[in-house]
Amino acid sequence: MADKLTAEELSKDKFFMQLSTISAEMIEEHGKDFATGALIMAAQWIAQGKAGAQNQTEH
């Protein structure tokens with residue numbers, strides 16, 4: 001295995017750290033059920049091609 005991460009791996013790690021941070025913030029403010037539901041909804045929006053600032057939805 002290589003000692004040094006590729007640019008793609010570094011980029012992915014950055015996003016995983018951001019997801020970890022926002023997940024912890026959601027749990028702290030609204031609990032695990034909210035955080036889990038929000039992340040599942042986000043995954044569904046991505047899969048359906050509905051993710052992005054131009055596709056904001058109301059809750």
Side-chain angles (χ1 to χ4, degrees):
M1 189 168 181
D3 294 10
K4 194 172 183 180
L5 295 177
T6 65
E8 182 178 0
E9 291 169 329
L10 290 169
S11 175
K12 288 177 180 180
D13 280 353
K14 180 185 82 169
F15 286 113
F16 279 122
M17 289 188 308
Q18 290 174 338
L19 282 169
S20 176
T21 299
I22 196 166
S23 296
E25 291 171 357
M26 289 190 295
I27 291 168
E28 187 174 319
E29 282 196 44
H30 301 289
K32 287 182 181 181
D33 289 342
F34 170 78
T36 300
L39 292 169
I40 289 170
M41 287 177 65
Q44 289 173 334
W45 293 336
I46 292 167
Q48 295 168 358
K50 296 179 181 178
Q54 70 278 10
N55 294 317
Q56 292 185 7
T57 59
E58 293 184 28
H59 57 280

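What you see is a predicted model; the values in this text were computed from it and never measured.
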Measure the CG-CD distance between Asp13 and Glu8 for me, rounded to the nearest 0.5 Å. 11.0 Å
Heavy-atom neighbours of Leu19 CG exceed 12 at 6.0 Å: yes
Any sub-3.5 Å donor-acceptor pair from Thr21's side-chain atoms to Met17's backbone N or O? yes
Show the nearest heavy-atom pair for residues Lys4 and Glu9, with the distance to one decimal. O-OE1, 4.3 Å
Is Leu39 linked to Trp45 within one hydrophobic cluster, defined over Ile, Leu, Val, Met, Phe, Trp and Tyr using a side-chain heavy-atom separation of less than 4.5 Å? no
Are Phe15 and Lys12 close enough that some pair of their side-chain heavy atoms sits under 4.5 Å apart? no
In Å, rounded to the nearest 0.5 Å, how long is the span from CD of Glu25 to OG of Ser20? 9.5 Å
Closest heavy-atom pair, Ala35 versus Ser23, reported as atoms and distance to 0.1 Å, is CB-O, 4.2 Å
Which distance, rounded to the nearest 0.5 Å, do you find between the CD of Gln48 and the CE of Met41? 10.0 Å
Atom CD1 in Ile27, atom CG in Asp33: separation rounded to 0.5 Å? 10.0 Å
